[in-house]
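Heavy-atom basis, side chains included; hydrogens, waters and symmetry copies ignored. Below, read A as the first sequence line, B as the second, and so on, with proteins coming before strands; counting in each chain starts at 1.
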Number of protein chains: 2
Amino acid sequence: MLSKKAQYAFRALSTLVRRDLARRNEQNAPDASASDTPTSISDMVQIHPMSTKFLETILLDLKRGGILGSKKGKGGGYYLLKHPEDTPLAQVIRILDGPIAPLPCVSLHFYERCHDCNEAMCGLNRLMAEVRDANLAVLEQRTLSDLAVHPEGAAA
Amino acid sequence: MLSKKAQYAFRALSTLVRRDLARRNEQNAPDASASDTPTSISDMVQIHPMSTKFLETILLDLKRGGILGSKKGKGGGYYLLKHPEDTPLAQVIRILDGPIAPLPCVSLHFYERCHDCNEAMCGLNRLMAEVRDANLAVLEQRTLSDLAVHPEGAAA
DNA sequence: TTTAATTCCTACCTATCCGATGGGAAAAAG
DNA sequence: CTTTTTCCCATCGGATAGGTAGGAATTAAA
């Protein structure tokens, strides 16, 4: 299960993505950087109600994780460092929740040897590696841009 | 990530499965019940070292979950209620770790409405439902019998 | 140059859960 | 009636999740 941290992260990110797309449409500049139109924490909380302080720590994590940039002081806030399509959901989850794999011994980014278990002979390893791959097939393919897409018929 | 409980459960189950298969081969009776040859906790712990008391609670869970049967008293122990192929890994995980879905609002067996979020409009729901399906494609297909299969070249 | 708005940093707090243990009751076999 | 087992209940220490508090540093604007 995703932690609250990751859930809140996705909500906040969806706001940033929507603003990012809107801005590119207005300016008719699909490659413009988002760094000059940051979004403040209080703005994000107003759109998706949650604890301001808690969101603060989450956004800091996303910044350290290389997904967001920030601007301090009045008029400051956070902005996407890359195009939404260039940040897979897997990256967000790894930053906030750690490993995606169901076992440390089949994790690609957080591998840890499992004691009391010969990996070559362990039937579970192979199966959980399958699960990991099934997960990554979705989470590495889907990106932040997919967060902003709503099913047909829904208003923005 | 799987809990220790689930990991230990799989280890214990793998011994039960191996014994089950061996027994069917010996008796040349592929449909024989396993209820007359139970395996005690101490036997399981000897094969896969772990806390006896902890394994006890796990096996009790598996029993309540409908996967194992038990026999009390001298010569007693636990046994598989069904053919290994008839118990998907998903069932084991649900008993010990709860939901497989990454969000309560996309869980099939443990659904909970998510407040502060219109499910029809939430971009995350749809994506996490994809992740859930990818997981289940493996976990509902793979069964206990797959636990006993080792990669070629490995000794038992 | 002051004020207001913001990110940034460190520390803390509380409740829950995970992993594990202990003591014994109940059943079954010999 | 003794031994071996499952079964049940209570507890426990440590870690983690989720959230809070207070203030320093930075920036824009009045």
Side-chain angles (χ1 to χ4, degrees), chain A residues 1-12 16 35-46 48-65 67-79 81 93 95-99 102-104 110 114-116, chain B residues 1-12 16 35-46 48-65 67-79 81 93 95-99 102-104 110 114-116:
Chain A
M1 298 270 285
L2 289 185
S3 67
K4 294 280 180 196
K5 248 179 175 162
Q7 294 182 47
Y8 292 158
F10 282 125
R11 289 188 190 178
L16 292 182
S35 61
D36 47 351
T37 57
T39 301
S40 73
I41 294 178
S42 48
D43 278 9
M44 297 188 207
V45 166
Q46 216 153 2
H48 285 119
M50 63 182 97
S51 155
T52 301
K53 270 300 197 183
F54 196 33
L55 180 56
E56 191 185 301
T57 71
I58 292 167
L59 293 170
L60 246 1
D61 284 342
L62 290 175
K63 185 193 170 176
R64 296 194 193 102
I67 290 178
L68 297 182
S70 68
K71 202 180 152 195
K72 284 189 184 176
K74 201 168 193 172
Y78 294 87
Y79 54 89
L81 282 176
I93 295 177
I95 290 171
L96 296 161
D97 286 3
L103 289 180
F110 300 85
C114 53
H115 56 310
D116 295 348
Chain B
M1 298 271 284
L2 289 184
S3 68
K4 294 280 179 196
K5 248 179 174 165
Q7 294 182 47
Y8 293 158
F10 282 125
R11 290 188 188 177
L16 291 183
S35 61
D36 47 352
T37 58
T39 302
S40 72
I41 294 179
S42 46
D43 279 9
M44 298 187 207
V45 166
Q46 216 154 2
H48 283 120
M50 63 183 97
S51 156
T52 301
K53 269 302 198 180
F54 196 33
L55 179 57
E56 190 185 301
T57 71
I58 293 166
L59 293 170
L60 245 1
D61 284 342
L62 290 175
K63 185 193 170 177
R64 295 195 192 101
I67 289 179
L68 298 182
S70 68
K71 202 180 151 197
K72 282 191 187 176
K74 204 169 191 172
Y78 294 88
Y79 53 89
L81 282 177
I93 295 176
I95 290 171
L96 296 161
D97 286 2
L103 288 180
F110 301 85
C114 55
H115 55 312
D116 294 349

By the 4.0 Å heavy-atom rule, please label B:K4 as base, sugar-phosphate, or nothing. sugar-phosphate
Between P of D:dA29 and NZ of A:K72, the distance in whole Å: 18 Å
Would you check, one step at a time, whether the test side chain to side chain contact (heavy atoms under 4.5 Å, CB included) holds for B:L81 with B:Y79? CA-CA 6 Å; B:L81 282 177; B:Y79 53 89; 4.0 Å; yes
Sole residue of B:K53, B:Q46, B:E56 in side chain to side chain contact (heavy atoms under 4.5 Å, CB included) with B:I41: B:E56
Give the rounded distance in Å between these two atoms: CE of A:M1 and P of D:dA17. 14 Å
Looking at the base of D:dG22, is there any donor atom on it, or on the side chain of A:K53, that sits under 3.5 Å from an acceptor on the other one? yes
Measure from CG on B:D61 to P on D:dT6 and round the result to the nearest Å. 15 Å
For DNA chain C, which nucleotides open and close the run of contacts to chain B, 5' to 3', at under 4.0 angstrom from a non-hydrogen atom? C:dG19 to C:dA29
Exactly one of A:L68, A:L62, A:I67, A:D61 clears side chain to side chain contact (heavy atoms under 4.5 Å, CB included) with A:R64, and that residue is A:D61
Send over the distance from A:L55 CG to D:dA17 P, rounded to a whole Å. 18 Å
Using the rule given for side chain to side chain contact (heavy atoms under 4.5 Å, CB included), can you reason through B:I93 versus B:F10, listing the C-alpha separation, both sets of side-chain angles and the distance that settles it, and then say yes or no? CA-CA 9 Å; B:I93 295 176; B:F10 282 125; 3.8 Å; yes
Take the protein atom CE of A:M50 and the nucleotide atom P of D:dT20, then report the distance between them rounded to whole Å. 13 Å
Hey, is the side chain of B:Y78 poking within less than 4.0 Å of OP1 or OP2 on D:dC7, counting only N and O atoms? yes
Between A:Y8 and A:K74, who's closer to the 5' end of DNA chain D by nearest nucleotide? A:Y8
Residue pair B:M44, B:L16: steps toward the side chain to side chain contact (heavy atoms under 4.5 Å, CB included) verdict: CA-CA 8 Å; B:M44 298 187 207; B:L16 291 183; 4.0 Å; yes
Write down the distance between CZ (B:F54) and P (D:dC9), rounded to a whole number of angstrom. 18 Å
Assign each of B:T57 and B:T39 the nucleotide of DNA chain D bearing its closest heavy atom; nearer the 5' end lies the nucleotide of B:T39
Rounded to the nearest angstrom, tell me the gap between atom CD in B:E56 and atom C1' in D:dC8. 9 Å
Is A:I41 touching bases, backbone alone, or none of the nucleic acid, heavy atoms closer than 4.0 Å? sugar-phosphate
Going through the distances and angles, do B:Y78 and B:L60 end up as a side chain to side chain contact (heavy atoms under 4.5 Å, CB included)? CA-CA 9 Å; B:Y78 294 88; B:L60 245 1; 3.8 Å; yes
Can you tell me if A:D97 uses its side chain to pair, donor with acceptor, with the backbone of A:S3 under 3.5 Å? yes
Rounded distance (Å) that lies between atom C1' of D:dT20 and atom NZ of A:K5: 13 Å
Of A:R64 and A:G75, whose closest DNA chain C nucleotide lies nearer the 5' terminus? A:G75
